[in-house]
*Asks:* 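One structure, pasted below without further comment.
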Amino acid sequence: MPSNEEISRALETIVTLMEIRGDEHYRVLAYQRAAESVAAAGSPVSSLDDPKELPHVGDTTAEVIRNLVADEMPEVLDELMAEVPKGLVEVTRLPGVGPRTAGRLWKELDATSVEEVANLEASQISSLKGFGKKSAEKIVASAEKYNSEERRMLLHTATALGDRLLDFVRNHPATEKADLAGSLRRGKETIGDLDIVAASSDAKSLAADFAEAEFVTEVVAHGETKVSVVVVGSDGGVDVDLRIVAPDAYGSLLHHFTGSQAHNIVLRERAVKMDINISEYGLAKADEPERNYIPAETENEIYEKLGLAYIPPELREDSGELEAAEKGELPDLVEVRDIRGDLHVHTNYSDGKGTIESMAEAAIELGYEYLVFCDHSQSLRVANGLSPKKLVEKNEAVRKADEKYGGIRLLCGSEVDILKDGALDYEDSLLADLDFVVASIHTSFQIGEKAMTDRMLRAINHPHVRTIAHPTGRVLNRREPYEVDVSRLIKEAAATNTALELNSYPDRLDLSVPYVREAIKAGVKITIDTDAHDESALSFMKFGVTQAQRAWAGKGSVINCLPREEFEEYLKSGK
DNA sequence: GCCGTTTTCGGCCCGACTGTTTTCAGTCG
């Protein structure tokens, strides 16, 4: 079954090919919105009775989605592929090159791939109507250095870089206020580029100084209120946009550049029906000939004027948040301060760097009320998995430490491997002696969807397993999730009172947002754990919490938001 | 192609910047 992401990507391909072909704008837009709708869907589209249940999906796009789910080639895509060379999709990814340009390079110069564009002479392009020397050279140059590997930054990398740039902007004398916006503010798991917004009554000088800052390697565009630059990231260049408005319109600007674009569009369409136009400068009455924007100083004013409750950035994805805001049904989102403990951390007994004591002290520092030590189990030799004897020894050390530290409850756990056949890596008698068991997969990833699903269902049904760690095994930018029917895992977890983990490690963030949302809807409890292998990694909790917020989670859905007594009750009562 | 508190037909969010242009198309977010 194709994932929502795969279906959405196929629809995006249709969009790009249509644009190159020169299809009618609003037809293309309809496919674009269908693609976004699938990407934002709260549960797998493949399990939907009718794709038309999704917003912006009508008869035609529903049929295309049905084809994709059934692994059949949709007619429209078949047609497009026969007509438009596929290599052009990549050509449109060149900076400054869109579908129009790609279409002309193909039709007028016979260039159908990035490589063929790179092999063109600039003079060939500049001989076309509407192209000059400058744009011709830019196109060839960007084709020459094009790197097909699309790399998006992990959330913690983007946060670190963004904070550095934000410091520069905030420390500028002309800056009154500034914030990071865009997908970073919405807390997406990976970030493509950075958006910074600022309020200043001297936009010109701020824009100029930003463009000349030492971290800038290239100025892509530089106007009076907007600067686009490339800065040095830890892994190549990162595109950064800075937008500046007068202080009284700051809320409008922040909202505009926080997005998502899909959220802004549905919000503005809703506003138009109320005869209000919304832009980054404010709100205007639609019936006036000149748009006379009344600025909004805060984001809240915008939602208020539209009769909506304030929508937190993490929910702004056009996935039902407007309806919920209208009805007053937005969730009361879980916050980092609601987290009372970490249920999955490692020590130097297996592959961690910290000791029981150092990890406990770091957890006390964070104000936690409990901490569960889950080192790896015996068969995971690469991670120094504990033999049964060693586990018993470690449990004793944990219990001793628990007596030593009064302020925090230290508990014995294990991250026990789910073996290839679904059996666990320790005898039941040993597991029974633990306070909390986390089960997970680290080997035999490629056994196929059915075998993997059965294997994990067996673990979910095990009486001692309380949560399944990093349930899909993905590693962002490095490893795809293994094939498994997550929806079935969710159903079984609900039926057996087993939790599912939202692993906070920035390159895991596993489960992903749509599945967490599906799990919560099904009544499954989530454990937000850091999987920390040293003291500093305990701070990754904030990334897991952000992801939980994106999945509409309230603290009631999160096991480790339970106060200590209730958590101990939960442990005692079993599954 | 999608959608409906004027509408089942006729609309469809909004603006900055660039390059090539004498008024705008294309790209981007």
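Keep in mind it's a predicted model, so treat the numbers as computed, not measured. Just so it is clear: chains get the letters A, B, ... in the order the sequence lines come, proteins before strands, and each one is counted from 1.
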*Asks:* Within residues 173-201 of chain A, which residues have any heavy atom lying less than 4.0 Å from an atom of DNA chain B?
*Replies:* Asp193(A), Asp195(A)

*Asks:* Whole angstrom is fine here: how far is it from NE2 in His255(A) over to C1' in dG29(B)?
*Replies:* 14 Å

*Asks:* When every nucleotide of nucleotides 12-18 of chain B is labelled 5' to 3' by its protein contacts under 4.0 Å (heavy atoms), B for base, S for sugar-phosphate only, - for none, what sequence of letters results?
*Replies:* BBSSSSS

*Asks:* Send over the distance from Glu323(A) CD to dG4(B) C1', rounded to a whole Å.
*Replies:* 15 Å

*Asks:* Between dT22(B) and dT18(B), how far apart are the two C1' atoms, rounded to whole Å?
*Replies:* 16 Å

*Asks:* Report the distance from atom CG of Asp275(A) to atom P of dT5(B), rounded to the nearest whole Å.
*Replies:* 14 Å

*Asks:* Work out how far the C1' atom of dT8(B) is from that of dG4(B), and round it to whole angstrom.
*Replies:* 8 Å

*Asks:* For residues 200-235 of chain A, pull every pair meeting ring pair (Phe, Tyr, Trp, His ring centres under 6.0 Å), keeping only residues two or more places apart or in separate chains.
*Replies:* Phe168(A)-Phe215(A), Phe210(A)-Phe215(A)

*Asks:* Using Watson-Crick or G-U wobble geometry with both distances below 3.5 Å, tell me the partner of dT8(B), or none.
*Replies:* none

*Asks:* Looking at side-chain heavy atoms only, is the closest gap between Ile20(A) and Trp106(A) below 4.5 Å?
*Replies:* yes

*Asks:* Check step by step if salt bridge (Lys or Arg N to Asp or Glu O under 4.0 Å) holds for Arg550(A) and Glu189(A).
*Replies:* CA-CA 10 Å; Arg550(A) 289 175 57 76; Glu189(A) 58 201 20; over 6 Å; no

*Asks:* Mind checking whether Tyr293(A) and Tyr281(A) have parallel, tilted or perpendicular rings, split at 30° and 60°?
*Replies:* tilted

*Asks:* For dT20(B) versus dC13(B), give the span between their C1' atoms, rounded off to a whole number of Å.
*Replies:* 27 Å

*Asks:* In whole Å, what separates the P atom of dG10(B) from that of dA16(B)?
*Replies:* 32 Å

*Asks:* In whole Å, what separates the P atom of dC12(B) from that of dT6(B)?
*Replies:* 15 Å

*Asks:* In whole angstrom, what separates Lys52(A)'s NZ from dC2(B)'s P?
*Replies:* 8 Å

*Asks:* Within the supplied structure, the quantity of interest is the number of heavy atoms (other residues, nucleotides, ligands) at a distance under 6.0 Å from Glu269(A) CD; does it exceed 12?
*Replies:* yes

*Asks:* Would you call Glu137(A) and Lys133(A) a salt bridge, taking side-chain N to carboxylate O under 4.0 Å as the test?
*Replies:* yes

*Asks:* Decide, yes or no, whether a salt bridge links Arg9(A) with Glu5(A) under the criterion of side-chain N to carboxylate O below 4.0 Å.
*Replies:* yes

*Asks:* If you only use heavy atoms from C-beta on, which nucleotide in dT20(B), dG29(B), dT27(B) is closest to the side chain of Ser135(A)?
*Replies:* dT20(B)

